[in-house]
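See below for the structure under consideration.
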Amino acid sequence: MTYEEELRQERITKVEKLREMGVDPHGGRFDDVESTGSIRERAKSLNIDTGEIREGERARVAGRIVLQRVMGNLIFLTIRDQSGDLQFGLSKKKLKEQWPALKLLDLGDIIGADGDLGKTKTDELTLWADNVTILSKTIQPPPSKWHGLTDVELRYRHRYVDLFSNPDVRETFIQRSTIIQAVRDYLIGCDYIEVETPALQPIYGGAAAKPFTTHHNALDINLFLRISPELYLKRLLVGGMERVFEVSRNFRNEGISTRHNPEFTMVELYEAYADYNVMMERVEGMTALAIERLDGNLKRPFGDREIDYTIPWARHKYADLLREHAGVDMADVDGIRRKADELGIKHEKMDDAVVTNEVFEATVEDKLIQPTFVYDYPAAICPLTRRHPENPDIALRFEAFVNGMELGNAYTELNDPIVQEENLRSSLAGEKKDETMAVMDEDFILALEYGMPPAGGLGVGLDRLVMLLTNSQSIRDVILFPLQRPRQATEG
RNA sequence: GGGGGCGUAGCUCAGUCGGUAGAGCAUCGGCCUUUUAAGCCGCUGGUCGCAGGUUCGAGUCCUGCCGCCCUCACCA
């Protein structure tokens, strides 16, 4: 038996001992629990004196034992719930009958207690228990009681341990919920409705990415996990749903990095009779509400930088940035190709627009630190976007960048079915076949033929928004269970 | 796929020039009714990621492999 198994066996023995005492080691319903946060708040107005036990000031709390100080017949426990930590005082005098069971408590166990509030002589707010309920006797030892779990691999593989032993991690995911709820509330406040469209799609489209493929047995057909909900949401515009959004889990069968996870969450929205300028306001608006719900601070640290989200964000034309940072004119194809040579980009077999965008990505993107809308993209790489009325080589598209990272992407949507069909039929040299946005979807074209109102559309990467607003350097720190290569069963 | 780094007790980490694998915490046993990472005494705990190689001798040097992190490439 390994030492690890021994430690586990010792705890299993304690579980059996509890059963012999007639104590259920796994508890049950435990009503009317007050959070430790609420208790701390309540205690402020009670003015409990140091060393006082306020008889009759009742409290009922449940949580996990994260620290334990046993002094023979007096035990102090630090109990952690979602809102924070609170000290329990367990005295043999008050808990005579339960004492043998309470001596079996270990770090990591989940318990509940009723008692009077007080303060110890070191002025620590304490629940002096007169009844303790064991809610879950644990058989795995928790990690280091003050370092928590630091091994990054174990943190991701055993996120549940990471969450209860590292309060900062839990706080980040609570903030994630706050941010996404703010995005929803903002859009609902703009008269949007939330919808759900297929994640299993017979044709994938709406983005340029490799899909995951799967198979439906009963229909005997191959399906793709969506890379984007775009083509379905636009069908809803045709159907007369004028403002729709979806919080969409998208799947892209591509590399993993600090900014990419194979499954990620976007909010994608479409607004009839709007355009991409309105979408810029939507990005600003949802971000501002999220910040307001967090701490209201528009100037936020990210790594060693400070990002200022004050509205309005900077707006720059794609062509202007290309001229500024690459020193070439967007219409100067030869100049762009010379620059591509300089940058070591192999562009011989690429379409002009693809080369242009390669140069843009290499020279401009990492310069866009403060929130910036880059607008008016080369039309050829935007098959789903309406053309500029004065220049058919320009598409009414913007991308939002923060800290050199693409946060969002928006169009004034193309609603001309004839042009849309042409765009989907033509593929660009230099684009990989399975990674182009130009995948023909006959039913989508048919929908457009029935008439889609002019509209603005927008997608915002919510994982990346959460990264930025919570100062998280890796997308894995804002995704609860990021993809990891599975380990053999030998791993604990 | 290229480059760099990491992998030692349940957890957090040391381990010098190649010379008997260590500490703290946790666990286990003992003392303890006001602790705050409680304290004190005693014990237990190891496939040094895996497999080879060099060597009288490898946690340490070499090769291959596995996993993770960073980075470049890839990637709306």
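Just so we're clear, the structure is a prediction, and the values are computed from it rather than from any experiment.
Using P as the reference atom, B:C13 and B:G59 are 23 Å apart when rounded to the nearest Å. To the nearest whole angstrom, the two P atoms, one in B:C61 and one in B:U16, are 9 Å apart. A gap of 14 Å separates the C1' atoms of B:G15 and B:A9, to the nearest Å. Rounded to whole Å, the P atom of B:G52 lies 14 Å from the corresponding atom of B:U60. Spacing of C1' atoms, B:C25 relative to B:C69, comes out at 26 Å, to the nearest Å. B:U54 and B:U8 have their P atoms separated by 27 Å, with the value rounded to a whole Å. Going from the C1' atom of B:C17 to that of B:U55 covers 15 Å, rounded to whole Å. Comparing the same atom, C1', in B:A23 and in B:G45 gives a spacing of 14 Å after rounding to whole Å.
Looking at A:Lys96, A:Arg58, A:Lys93 one by one, the single match for salt bridge (Lys or Arg N to Asp or Glu O under 4.0 Å) with A:Asp130 turns out to be A:Arg58. If you run side chain to side chain contact (heavy atoms under 4.5 Å, CB included) between A:Val169 and each of A:Leu149, A:Asp477, A:Leu480, A:Leu163, only A:Leu163 comes through. None of A:Ile394, A:Thr356, A:Asn357 except one satisfies the side chain to side chain contact (heavy atoms under 4.5 Å, CB included) rule with A:Tyr377; the exception is A:Asn357.
A donor-acceptor distance shorter than 3.5 angstrom exists from the side chain of A:Asn471 to the backbone of A:Gly303, with no hydrogens or angles considered. A donor-acceptor pair under 3.5 Å is absent between the side-chain atoms of A:Lys44 and the main chain of A:Arg40, judged by distance alone. Although no hydrogens or angles enter the test, the distance criterion places a donor-acceptor pair under 3.5 Å between the side chain of A:Asp116 and the main chain of A:Gly56.
Side-chain nitrogen and oxygen atoms of A:Lys145 include none within less than 4.0 Å of the OP1 or OP2 phosphate oxygen of B:C25. Phosphate contact (OP1/OP2 of B:A37, side-chain N/O of A:Ser144, threshold under 4.0 Å): absent. A:Thr258 has a side-chain polar atom (N or O) that falls below the 4.0 Å cut-off from OP1 or OP2 of B:U71.
We find that CD1 of A:Ile475 is positioned 13 Å from P of B:C69, with the value rounded to whole Å. In this structure, the CD1 atom of A:Ile381 is 13 Å from the P atom of B:C75, given to the nearest Å. Counting to the nearest Å, the C1' atom of B:A9 and the CD atom of A:Glu4 are 10 Å from each other. Going from atom CD of A:Gln473 over to atom P of B:C70 covers 11 Å, rounded to whole Å. As a whole-Å value, the separation of A:Arg259 CZ from B:C75 P is 16 Å. Between the NE2 atom of A:His260 and the P atom of B:A73 there is a distance of 12 Å, rounded to whole Å. Put simply, CG on A:Leu7 is 8 Å from C1' on B:G45, counting in whole angstrom units. A:Tyr3 has its OH atom 21 Å from the P atom of B:A21, to the nearest Å.
Rounded to the nearest 0.5 Å, atoms CZ (A:Phe224) and OH (A:Tyr204) are 6.0 Å apart.
A:Gly108 comes within contact range of no nucleotide atom at all, as no heavy-atom separation falls under 4.0 Å. At a threshold of 4.0 angstrom between heavy atoms, the contacts of A:Gly148 are confined to the sugar-phosphate backbone, with no base atom among them. No engagement by A:Asn357 is indicated, since no non-hydrogen atom pair under 4.0 Å with the nucleic acid exists. Residue-level contact check: A:Phe401 touches neither bases nor backbone, having no heavy atom under 4.0 Å from any strand. At a threshold of 4.0 angstrom between heavy atoms, the contacts of A:Arg476 are confined to the sugar-phosphate backbone, with no base atom among them. A:Ile75 comes within 4.0 angstrom of no nucleic acid atom, judged by non-hydrogen atoms across all strands.
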Show each protein N/O and nucleotides 65-67 of chain B N/O combination with a separation under 3.5 Å, one pair to a line.
from	atom 1	to	atom 2	distance (Å)
B:G67	OP1	A:Arg485	NE	2.7
B:G67	O3'	A:Arg157	NH2	3.3
B:G67	O2'	A:Glu153	OE1	3.3
B:G67	O2'	A:Glu153	OE2	2.4

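Positionally, the nearest nucleotide of RNA chain B for A:Pro142 lies more toward the 5' end than for the other of A:Pro142 and A:Gln68. In this structure, A:Asn409 and A:Thr150 both approach RNA chain B, and ranking their closest nucleotides by distance from the 5' end singles out A:Thr150.
The two residues A:Ile227 and A:Gly205 come nearest to each other via the heavy atoms CG1-O, 3.7 Å.
Among pairs with a residue in residues 256-268 of chain A, those fulfilling salt bridge (Lys or Arg N to Asp or Glu O under 4.0 Å) read A:Arg249-A:Glu263, at least two apart in sequence or across chains.
B:C68: Watson-Crick or G-U partner is B:G5, with both key distances under 3.5 Å. In this structure B:U33 sits in no base pair that meets the Watson-Crick or G-U test at under 3.5 Å. Within the shown strands, B:C62 is the pairing partner of B:G52 under the Watson-Crick or G-U definition, both distances less than 3.5 Å. In this entry B:G46 has no Watson-Crick or G-U wobble partner, no candidate having both defining distances under 3.5 Å.
Within a 6.0 Å sphere centred on NZ of A:Lys17, other residues, nucleotides and ligands contribute 12 heavy atoms or fewer.
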Protein heavy-atom contacts under 4.0 Å, written 5' to 3' over nucleotides 28-35 of chain B as B (base), S (sugar-phosphate only) or - (none), form the string S---BBBB
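Note on ring orientation: taking the six-membered ring where Trp is involved, the planes of A:Trp313 and A:Phe373 are parallel (angle under 30°, cut-offs 30° and 60°).
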Worked check of side chain to side chain contact (heavy atoms under 4.5 Å, CB included) between A:Lys14 and A:Asp106: CA-CA 10 Å; A:Lys14 290 180 180 177; A:Asp106 283 304; 2.7 Å; yes
